[in-house]
There are 2 protein chains.
Amino acid sequence: MRDIARRAGVSESAVSFALNNRPGVSEDTRQRILGVAKELSWHPNSAARALSAARAGTVGLVFARPAKTLGIEPFFLQLVSGMQAVLSVRASALLFQVVENMAAEMALYRQWWSEHRVDGVLVVDPRVDDPRPALLVELGLPALLIGGPTSTGTVPSIWADDTGAMASIVDYLVGLGHRRIAHIAGLPELIHTKRRIDSFRAATRKYGLSTHDSVATDYSDEAGARETRQLLAEPGPPTAIIYDNDVMAVAGVGVAGELGLSVPSDLSVVAWDDSVLCRLTHPQLTALVRDTHAFGSHAAQQLLALIEGEAPHDVEDDVPRLEPRGSTAPPPLP
Amino acid sequence: MRDIARRAGVSESAVSFALNNRPGVSEDTRQRILGVAKELSWHPNSAARALSAARAGTVGLVFARPAKTLGIEPFFLQLVSGMQAVLSVRASALLFQVVENMAAEMALYRQWWSEHRVDGVLVVDPRVDDPRPALLVELGLPALLIGGPTSTGTVPSIWADDTGAMASIVDYLVGLGHRRIAHIAGLPELIHTKRRIDSFRAATRKYGLSTHDSVATDYSDEAGARETRQLLAEPGPPTAIIYDNDVMAVAGVGVAGELGLSVPSDLSVVAWDDSVLCRLTHPQLTALVRDTHAFGSHAAQQLLALIEGEAPHDVEDDVPRLEPRGSTAPPPLP
DNA sequence: CTGAAAGCGCTTACAG
DNA sequence: CTGAAAGCGCTTACAG
């Protein structure tokens with residue numbers, strides 16, 4: 001920068017103003033400075049900028065899950081890529097870390113913030129009794145919860161419209177003629193699972209269906225298979241099952257096959273979240289398709305706004321779209 | 001740090017030496033300083049440290065693939081988590097970005113390096129004619145190729161022992177009695193695909209098998225299904241197929257079913273890389289299991305050594321292990 | 001073994 | 001609209 005100032009015959013501060021597109025320098029001078037900067041192929045030193053501006057130019061994202069369970073995450077790269085579409089325009093980078101559990105995640109927030117490594121964090125998988133919001137508030141670390149507001153409600157959040165999505169699935173199945181619909185849900189601690197369970201009840205009640213309560217699981221294929229077997233063994237078994245992820249849905253189709261039931265003529269199956277998995281089965285699975293990329297972008301946008309001092313507020317994102325495929329059909333005749 | 005110096009009654013430089021575990025301060029003083037630092041709950045400001053030490057304390061990782069094809073990446077989180085196990089011990093963080101293509105990836109390397117955002121980068125998916133090594137050398141940006149050395153060989157690399165792995169698969173299948181074995185490979189531009197194709201030929205020649213050459217694909221389920229159909233339609237079709245990923249293997253099992261062939265009694269199937277997918281099929285798939293977490297750790301270790309000035313050298317990592325499951329059996333009697 | 005000082009490359013009041 | 005100066009919080013020669 002000093003070189004630029006010398007060559008352009010101005011002060012360093014003029015250069016700083018020009019390069020940051022701020023008032024305090026005439027248009028002519030700005031252009032001249034920009035020219036020299038390009039000529040010298042100048043790039044800001046991120047550390048120096050961070051130090052003097054007291055802004056890291058970095059946003060943090062932590063994934064807390066045991067190393068063993070790190071598996072298929074179709075959701076993840078889409079989300080990250082959406083976040084970065086926004087961040088990169090704003091000259092911000094994403095610091096990403098995978099840790100074993102929530103304690104490690106919280107320790108990392110403390111560390112990052114005390115080291116001024118990040119300007120804010122995007123927090124995923126909010127839970128019903130979530131210790132993270134309190135920590136974030138205590139630290140004063142700007143944060144956005146991705147997945148829905150927690151009971152404490154002290155940290156702003158963005159979430160997909162699961163309620164609308166669940167309503168659209170139930171509408172669709174009822175429209176096909178189903179009256180006995182089941183819901184095999186994910187981890188009950190997660191806020192969005194709770195939201196889906198609540199809206200399943202609301203949506204089925206609306207039609208006067210006397211369905212079971214949703215069944216909570218750990219999202220694994222084993223759990224999906226086990227709960228499906230259980231449901232289908234009951235008297236008056238469901239004619240349609242909604243699964244909270246694709247892995248369980250595929251496992252459910254397998255169980256139906258073992259029991260001699262055909263999908264979709266004996267049992268309809270809907271997977272929440274689409275992935276290549278849903279297209280590997282025969283028949284292919286009717287699935288709820290989310291625009292995860294856009295969701296990530298919206299989240300990043302919200303966080304940057306927060307960092308820049310905007311008043312925090314919650315955002316409900318778009319309703320996911322139901323993509324009917326071969327795994328759903330009218331129920332068998334009684 | 002100034003506060004610490006004042007409280008401990010020493011100079012700022014003494015504090016710096018003590019906190020960085022460097023000689024230049026007596027053990028007593030060091031302990032006293034560390035005590036005060038803890039008391040004040042001091043943490044280094046990463047920007048200040050980066051600026052004066054000319055070290056970002058950050059390593060970069062870029063994933064280049066079109067947003068549409070961002071799908072199931074069982075490999076990815078494991079790799080990243082392994083990297084971080086090493087990086088976090090060395091007080092380094094991972095800057096991670098997803099981009100659309102290799103041009104964007106290279107632009108990002110330029111930007112990161114010119115902004116001093118990273119000390120080095122981990123480069124994935126090396127290709128046969130890869131433009132990235134030349135750029136990295138030109139920039140002087142420390143880098144490690146993950147997946148094998150390119151033809152230019154100017155940037156050090158780490159890779160899994162695909163040759164040993166392929167040999168173990170072929171040994172296993174031949175041991176079961178198979179003589180007609182096929183290999184449905186991944187993207188032919190990737191170095192590791194080339195390595196697998198070459199070692200497939202070597203391993204089958206060793207047994208005097210007159211198998212076909214490997215078939216290259218784009219890793220998609222469509223390609224897996226198409227090539228499987230093609231292979232099984234030939235006279236004297238293979239009795240065993242090795243697939244370069246799990247998605248294609250699952251698609252292949254589907255095709256076999258359509259053609260009325262039973263797995264494993266008519267056709268044996270082996271998937272390269274294990275994931276939950278391999279356990280969702282009936283029968284479950286025999287798969288090549290890698291310790292991707294360890295692989296990521298080794299890669300991070302190598303890169304940190306490079307950054308610290310060690311002489312670059314290539315590393316061949318461990319041989320993956322074959323996990324026999326229900327999808328492999330002796331071939332049908334002629 | 002320790003201290004005083006300069007410097008890393010920016011930004012930002014403050015004075016003109 | 002512009003310039004001279006201080007400062008962000010560290011590290012690192014250099015001198016004692």
Side-chain angles (χ1 to χ4, degrees), chain A residues 1-34 36-37 40-58 91-93 111-119 307-309, chain B residues 1-34 36-37 40-58 91-93 111-119 307-309:
Chain A
M1 255 179 61
R2 192 176 305 158
D3 292 346
I4 299 178
R6 215 174 284 151
R7 287 234 202 169
V10 297
S11 72
E12 262 191 76
S13 43
V15 174
S16 176
F17 288 138
L19 294 171
N20 289 305
N21 266 317
R22 279 206 242 177
V25 65
S26 69
E27 198 46 39
D28 275 10
T29 323
R30 183 190 307 277
Q31 289 309 328
R32 189 151 41 91
I33 291 172
L34 291 178
V36 176
L40 298 179
S41 75
W42 173 90
H43 286 263
N45 178 308
S46 59
R49 180 168 275 182
L51 183 56
S52 50
R55 179 179 178 280
T58 305
S92 230
Q111 189 193 328
W112 277 353
W113 189 232
S114 66
E115 293 180 357
H116 300 267
R117 274 227 185 233
V118 297
D119 300 314
I307 290 171
E308 276 154 26
Chain B
M1 255 178 63
R2 192 176 305 160
D3 292 346
I4 300 178
R6 217 174 282 152
R7 288 234 204 169
V10 296
S11 71
E12 261 191 76
S13 42
V15 174
S16 176
F17 289 136
L19 294 171
N20 289 305
N21 264 316
R22 278 206 243 176
V25 66
S26 70
E27 197 46 40
D28 275 10
T29 323
R30 183 190 307 278
Q31 289 310 328
R32 187 152 40 91
I33 291 172
L34 291 179
V36 177
L40 298 179
S41 74
W42 172 91
H43 287 263
N45 178 309
S46 58
R49 180 167 274 182
L51 183 57
S52 50
R55 181 180 177 279
T58 304
S92 230
Q111 189 194 328
W112 277 354
W113 190 233
S114 66
E115 293 180 357
H116 301 266
R117 275 228 185 230
V118 297
D119 300 314
I307 290 170
E308 276 155 25

Novice: Which residues pass the salt bridge (Lys or Arg N to Asp or Glu O under 4.0 Å) test with Arg7(A), sequence neighbours left out?
Specialist: Glu39(A)
Novice: How long is the line joining CZ of Arg6(A) and P of dA4(D), in whole Å?
Specialist: 13 Å
Novice: Nearest to the side chain of Ser11(B), heavy atoms from C-beta on, is which of dG3(C), dG9(D), dG3(D)?
Specialist: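 The answer is dG3(C), which lies nearest to the side chain.
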Novice: Decide yes or no for Ser13(A) and Met1(A): does some side-chain heavy atom of the first lie under 4.5 Å from some side-chain heavy atom of the second?
Specialist: no
Novice: Taking Arg117(B) for its side chain and Ala56(B) for its backbone only, find out whether a donor-acceptor pair lies under 3.5 Å.
Specialist: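 Answer holds: no.
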Novice: Do Arg49(B) and Ser16(B) have side-chain heavy atoms sitting under 4.5 Å apart?
Specialist: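 Result no, sub-4.5 Å side-chain heavy-atom pair not found.
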Novice: With a 4.5 Å cut-off on side-chain heavy atoms, are Trp42(B) and Leu19(B) touching?
Specialist: yes
Novice: Which whole-number value in Å describes the distance from Leu51(A) CG to dA6(D) C1'?
Specialist: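 After rounding, the gap between these two atoms is 13 Å.
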Novice: Heavy atoms under 4.0 Å is the rule here; annotate nucleotides 10-16 of chain C 5' to 3' with B where the base is hit, S where only the sugar-phosphate is, and - elsewhere.
Specialist: BBB----
Novice: Any side-chain heavy atom of Arg6(A) within less than 4.5 Å of one from Val15(A)?
Specialist: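 No, every pair of side-chain atoms sits at 4.5 Å or beyond.
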Novice: Any side-chain heavy atom of Asn21(B) sitting closer than 4.5 Å to one from Arg30(B)?
Specialist: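 SC-SC contact between Asn21(B) and Arg30(B) confirmed.
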Novice: Which helical stems does DNA chain D take part in, if a stem means at least 3 consecutive Watson-Crick or G-U pairs with both distances below 3.5 Å?
Specialist: C:1-3 with D:14-16, C:5-12 with D:5-12, C:14-16 with D:1-3
Novice: Checking Asn20(A) side chain against Arg22(A) main chain: does a donor-acceptor pair fall under 3.5 Å?
Specialist: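 A pair under 3.5 Å: no.
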Novice: Could you check how far CZ of Arg32(A) sits from P of dC1(D), rounded to whole Å?
Specialist: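 Value for this atom pair: 14 Å.
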Novice: Return the value, rounded to whole Å, for the distance between atom CD1 of Ile4(B) and atom C1' of dG3(C).
Specialist: 17 Å
